[in-house]
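First the structure, in the form of structure tokens, and then the observations on it.
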Amino acid sequence: MSKRLLVLAFTAALAACGGSNGDTNSGGDQGAGGGSDDTGGDTPIPDNEPSTVTTGEVARSELEFATITATDITLPNAMINAQEVYQLAHYIGRTDSEQDEENIDIPIRSYTATCATDTDKPRMFVSTTLSEGQKASDTTYGSVYELQYNPETSSFDQTGNTTILKQCYESHGITASADCSRVAVLCNTEYKASERYDVQKDLVEEHGTSWMKIEDNLSSVEGTDNEKKYNDQIWLMEWDKKPLSEVPSAYVVNKMHGGTHLGAQELLYVENDSKGRTNYAFSVTARVLVSGSHYSAGLTVIERDDWSLNMSGSDNRGWDWACGHGHVLNIRAFYNPGNEMFGALCTSDGNEYHPSPGLKAIAIKMEDSDSFEGTYSHVVPTTSAMISNGGGHTVVPVDTNTNLSVVVSPKYIEDENMNTFLQDVLGIDTSGDGPFDDQCAANDYKNCFFAYLEDNYYGGDYPLITRQDLYSGGALDKSSLTRVGIAKVDSRGNIEGNGMKWLAEDSDCQISDPQLVDLKNGRYLFGYAQFQCISDNLPYNRSYNKKGEAMRMLVPKAFYVMEIDADLNVLEGPVRLTDYGWGGLDEPMYLGNGKVAWSYIKNPTFENYIGGQQNVWQAIVYHSKSVN
């Protein structure tokens with residue numbers, strides 16, 4: 001197959017949103033999201049259609065501590081995947097850095113769900129958005145397909161269980177029951193689409209809050225070409241004991257999604273917990289127009305037994321709005337089976353703990369939170385809502401009271417300055433390995449990091465590293481080098497022990513796109529990617545850049561994996577992956593018995609990159625040698 005068939009590109013254009021803390025802000029440019037500009041008149045929305053995927057060659061790589069197999073997968077009906085949308089926030093860049101139509105050249109996020117992981121033939125369901133062509137105006141659809149692990153080849157086989165979702169212009173989060181009999185996916189569809197489709201229930205109208213019913217509030221953009229794009233719907237589509245080719249049940253679960261894509265849409269499923277509850281939960285960013293525009297994020301918990309929501313009161317589950325100070329740029333849902341609680345890790349573009357508006361907050365907010373915002377753990381630099389340099393990635397449960405929280409951030413407090421501050425101001429002995437954050441908390445701070453920031457807020461003498469201008473600069477310098485850290489946090493999101501442990505750092509290059517997956521044998525697979533480097537000696541311009549430079553913030557130079565334990569000790573690696581990688585916002589899934597699975601494009605590194613639209617992907621399995 002020629003590279004021309006594998007490499008196609010398209011882009012979309014949106015305007016930026018103004019910013020303020022609170023529910024609304026004055027001003028803010030009007031922009032466009034995905035979906036249709038109109039309701040389509042009386043034309044019914046089509047059902048999904050059967051499709052085919054095929055499996056091809058299997059590649060194999062041996063690491064000291066693992067084996068990786070990668071199966072070629074031709075996407076449904078050999079269509080190419082859609083490309084990322086304009087303005088989506090990544091950790092060291094944003095897609096608004098790419099201005100020309102052909103320049104946003106990375107895949108829109110795909111999602112995976114695994115099931116039957118206690119058998120020798122587990123399965124993986126993949127949600128991927130497909131495109132009919134290379135232009136921003138070309139039609140896109142969601143899709144779902146199933147693969148089955150073959151223990152004889154240590155790779156995937158196709159099962160023929162596949163569909164193209166003509167109901168959706170994108171498909172996002174996907175989940176499956178433990179026995180694979182129930183599969184559900186989030187479907188992005190048009191303004192008032194439920195009026196032209198036979199949905200089972202409109203959960204927003206029946207149970208949602210006033211913010212969730214904002215679909216008809218179009219006055220702020222009335223008369224513009226994009227007025228209805230701020231009010232697209234999200235449906236939860238479910239196949240219960242039937243193949244994907246059959247028409248799924250559809251439920252309206254969100255009506256304030258449109259405008260700008262700012263993060264990912266996660267979908268989780270928990271069946272028959274200790275209280276007898278079966279729940280879906282999903283997280284999503286939203287942009288609404290009330291006296292201007294504002295965007296934030298919500299975590300919605302759905303009671304599947306009666307298809308209801310409980311978003312208010314003392315026994316609320318989830319929230320419709322706000323989990324961090326300012327605009328929420330990204331939100332990642334998680335579930336801790338130990339305490340049977342959903343929660344979310346959020347990255348916003350503001351903070352309350354330092355006078356500089358160029359520091360944004362990372363917070364964790366649980367489903368039953370009675371506070372407007374979550375528990376803050378860290379802040380990272382930002383020049384504005386549109387230009388970032390880090391953020392929160394995911395939360396992985398360890399036990400009932402402990403989670404691992406993964407973030408990307410540069411260093412902007414020198415170690416020696418922090419140690420001097422802790423010793424002189426808080427009287428903490430930093431010569432040993434004592435729990436500094438616990439001692440800071442005893443001094444009424446959230447953690448030592450915020451203790452340092454709050455001291456600076458009141459005119460302290462301990463400096464921050466001067467940040468390179470995130471909009472531009474003659475060349476990349478050390479003040480903008482990023483790193484990946486993990487913190488142990490308790491069931492409410494408070495940091496325990498010594499705070500962030502920075503497991504991936506580089507004195508020359510930016511580090512991003514982390515992954516953390518529980519191998520369920522006391523080990524965790526930790527991955528990260530290396531991006532542009534100072535030694536590249538290339539111009540540095542973060543904003544509105546041309547393809548050659550901006551792509552260096554979106555396409556990694558290399559991927560690395562290692563195995564760690566719950567105490568964040570490195571057990572194996574890191575080792576560089578030469579042929580395989582993952583999407584920066586993706587999350588690989590546990591496949592059973594020391595295996596982790598995901599799907600991504602071929603040739604994913606900058607040197608070998610053949611484009612962000614391909615019709616042959618790879619289904620990848622990481623086999624840890626720590627398990628037989």
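A donor-acceptor contact closer than 3.5 angstrom is absent between the side chains of N351 and H325. Looking at T71 and Q618, their side chains never bring a donor and an acceptor atom within 3.5 Å of each other. Of the N and O atoms on the side chains of S480 and Q510, not one donor lies less than 3.5 Å from an acceptor on the other residue. A donor and an acceptor atom, one from each side chain of Q614 and N81, are nowhere located under 3.5 Å apart. For the residue pair E271 / Y269, a side-chain donor-acceptor distance below 3.5 Å is found, with atom types taken as modelled. For N336 and N403, the side-chain atoms include at least one donor-acceptor pair closer than 3.5 Å. T54 and T74 share a donor-acceptor pair across their side chains, judged by distance under 3.5 Å alone. If you check the side chains of N521 and S626, you find a donor sitting under 3.5 Å from an acceptor. S155 and N150 are not linked by any side-chain donor-acceptor pair at a separation below 3.5 angstrom, with hydrogens and angles left out of the test. Using a 3.5 Å distance cut-off with no hydrogens or angles, the side chains of T159 and N161 do not pair a donor with an acceptor.
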**Request:** Walk me through it: do I80 and L75 pass the test side chain to side chain contact (heavy atoms under 4.5 Å, CB included)?
**Result:** CA-CA 7 Å; I80 55 175; L75 296 182; 6.0 Å; no
**Message:** With ring pair (Phe, Tyr, Trp, His ring centres under 6.0 Å) as the criterion, how do H393 and W582 come out once you've worked through the C-alpha distance, each side chain's angles and the decisive distance to 0.1 Å?
**Reply:** CA-CA 14 Å; H393 181 78; W582 49 79; 9.7 Å; no
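Under the 3.5 Å distance criterion, the side-chain polar atoms of N389 are left unmatched by any main-chain donor or acceptor of P381. A donor-acceptor distance shorter than 3.5 angstrom exists from the side chain of T119 to the backbone of A116, with no hydrogens or angles considered. The backbone N or O of K520 lies less than 3.5 Å from a partner atom in the side chain of D518, making a donor-acceptor pair. Put simply, the side chain of S624 never gets that close to the backbone of G594: no donor and acceptor are under 3.5 Å apart.
Counting non-hydrogen atoms of other residues, nucleotides and ligands closer than 6.0 Å to CD of E57 gives a total of 12 or fewer.
Annotation for Q265 and L186: closest pair CB-CD1, 3.9 Å, computed over non-hydrogen atoms. Here the shortest heavy-atom pairing between I362 and L345 reads CG2-CD1, 3.6 Å. For the pair P514 and V484, the tightest heavy-atom approach, listed with the atom from each and the gap, is CB-CG1, 3.6 Å.
Applying the side chain to side chain contact (heavy atoms under 4.5 Å, CB included) criterion to D120, with sequence neighbours excluded, gives P151. For R576, the side chain to side chain contact (heavy atoms under 4.5 Å, CB included) test picks out A558, Y560, with sequence neighbours left out.
For the atom pair OG1 (T95) and CD1 (I106), the distance works out to 6.5 Å, reported to the nearest 0.5 Å. For the atom pair NE2 of H623 and CZ of F65, the computed distance is 14.5 Å after rounding to the nearest 0.5 Å.
Relative orientation of the Y376 and F450 rings is perpendicular, given thresholds of 30° and 60° on the angle between their planes. In this pair, F156 and Y149 present their aromatic rings perpendicular. The plane angle is above 60°, beyond the 30 to 60° band.
Each of E84, E266, E170 was evaluated against R109; a single residue qualifies, E266, per the salt bridge (charged side-chain N to carboxylate O under 4.0 Å, His left out) test.
Within the structure, disulfide bond (SG atoms under 2.5 Å apart) pairs that include any residue of residues 480-531 comprise C509-C533 (at least two apart or interchain).
The six-membered or imidazole ring of F526 lies near that of Y528, with a centre-to-centre distance under 6.0 Å.
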